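Bear in mind that the values here come from a model prediction, so they are computed numbers and not experimental data. Counting starts at 1 for both ligands and their atoms, following the listed order.
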Amino acid sequence: MTERPRILVTRKITDPAEARLQDLFDARLNPEDRTYSADDLIALADGMDGLLVAAGDPINAKVIAALADSVRIIATLSVGHEHIDLDAARARGIPVTTTPGVLDNATAEMAMMLMLCAARRANEGFRLVREDRWKGWTPTMLLGTEVTGKRLGIVGMGRIGQAVARMAKGFSMAVHYHNRSRLTPELENGSIFHEEVDSLLAVSDFLSLNCPLTPETTGFLNAEKIAKLPDGAVVVNTARGAVVDDDALIAALRSGKLGAAGLDVFTGEPAANPAYRGLDNVFVMPHLGSATHEARDAMGFKCAENLLAVFEGREPPDRVA
Ligand code: DGY
């Protein structure tokens, strides 16, 4: 019997995905879901043909430089790849793959949930009931803002941004977007393109951040840009925490310039800026955008496909480096 390729799976992933990996490969799983340090990763990668990593794993230049020569692919269980030094991987000739196209609906649902929960004061209402402080229905209790019919600005109209647009149209929202390039009319599907960010901000009653984290988008939503949003606008972030300047966002939520925010991602996760915890007009989630059975199984299967392609000498379908 020929030996099966050996892979290291750095996190506990879903049972169906692990079963697929075990069918195809000699997979070293992480059933206890230990978080591996850079040194752990280097040591554990010894003798492996491939690595299946995840957001938060420090696949930096030092780790990549020290990986065993046996490692022929790094497949990440994410669409974001800011935790991997792509240049270092290119320098070693190790392909890096992601999981596009299978988490768009899950992440877009989260963006819609954040919009609805932020606009309808879910944080305050939830706590009132859970903490047994609700004294009864009143005509003016916790009045929020309707999402229906409002203008939604989407920053980053990739697959996830497009899924947000589709769902938002179900709420009769007028969708506007800014993207590096304009979409085809078919993909645009009635959404309005803004070449300039400022003109998008000016019409965004709701603003959804759906761009990747890059040097260009780091700190994108700063005080200057927030000032250009309509007063009382609602900001939601399912992209990456660092796309937002936390101090600027917190100041605008405190001053009332912004009505509310819904945040699924934070700079320095799992620690979030503690000021968010003290703000009633912030609805927070712990980076659950793609956390559905459907998406996480499919993400694992995509990693398996990419690993298999490399081991069979084919170009992996979801290569980013
Ligand atoms: C992604 O795919 O990038 C999700 O945010 C999970 O990390």
Side-chain angles (χ1 to χ4, degrees), residues 9-14 16-18 21 30 33-36 41 51-60 73-86 89 95-115 154-164 167 208-218 220-221 235-244 261-272 283-307 316-321:
V9 183
T10 64
R11 302 303 303 260
K12 166 79 188 103
I13 63 173
T14 65
E18 287 188 346
L21 294 169
N30 180 1
D33 203 22
R34 281 184 48 217
T35 307
Y36 295 141
L41 289 166
L51 308 182
L52 193 164
V53 306
D57 284 333
I59 315 295
N60 53 36
I73 170 173
I74 300 170
T76 182
L77 187 91
S78 59
V79 277
H81 48 70
E82 68 290 327
H83 52 296
I84 304 174
D85 190 320
L86 298 186
V96 176
T97 63
T98 61
T99 59
V102 293
L103 45 73
D104 310 338
N105 289 331
T107 310
E109 283 182 7
M110 176 59 75
M112 291 309 301
M113 174 178 145
L114 295 179
M115 263 185 247
I154 297 178
V155 177
M157 199 64 152
R159 292 185 183 89
I160 296 173
Q162 289 168 40
V164 175
M167 292 183 193
S208 177
L209 300 172
N210 295 103
C211 52
L213 180 66
T214 64
E216 294 74 44
T217 62
T218 299
F220 165 84
L221 192 66
V235 169
V236 302
N237 188 6
T238 52
R240 286 292 183 263
V243 173
V244 165
L263 306 174
D264 183 46
V265 285
F266 300 88
T267 296
E269 289 174 16
F283 181 84
V284 287
M285 281 277 117
H287 199 150
L288 294 180
S290 62
T292 63
H293 290 290
E294 294 88 340
R296 289 285 164 81
D297 287 350
M299 289 162 77
F301 299 155
K302 267 216 164 274
C303 289
E305 263 173 63
N306 282 293
L307 289 156
D318 305 304
R319 184 171 183 164
V320 291

- Query: Between CD1 of Ile59 and OG1 of Thr76, what distance do you get to the nearest 0.5 Å?
  - Reply: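 Going from the CD1 atom of Ile59 to the OG1 atom of Thr76 covers 8.0 Å.
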Would you mind running through ligand 1 and noting each atom that sits below 4.0 Å from a heavy atom of [X]?
X	value
Gly80	1 (C), 2 (O), 3 (O)
Ser78	1 (C), 2 (O), 3 (O), 7 (O)
Leu103	2 (O)

- Heavy-atom check, side chain of Val164 versus side chain of Met115, under 4.5 Å: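 Sidechains of Met115 and Val164: in contact.
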- Item | Side-chain touch Leu221/Val243, heavy atoms, less than 4.5 angstrom |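 Side-chain contact under 4.5 Å: no.
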- Assess whether side chain to side chain contact (heavy atoms under 4.5 Å, CB included) is satisfied between Phe301 and Val102, documenting all intermediate values. CA-CA 10 Å; Phe301 299 155; Val102 293; over 6 Å; no
Tell me, which protein residue and heavy-atom name are nearest [atom], and how many Å apart are they?
atom	answer
atom 3 (O) of ligand 1	Arg240 NH2, 2.6 Å
atom 7 (O) of ligand 1	Ala55 CB, 3.3 Å
atom 6 (C) of ligand 1	His287 NE2, 3.7 Å
atom 2 (O) of ligand 1	Val79 N, 2.7 Å

- Greater than 12 external heavy atoms within 6.0 Å of Arg11's CZ: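 Count over threshold, so yes.
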- Query: Does the side chain to side chain contact (heavy atoms under 4.5 Å, CB included) test come out yes or no for Leu77 and Leu52, once each step is laid out?
  - Reply: CA-CA 7 Å; Leu77 187 91; Leu52 193 164; 4.1 Å; yes
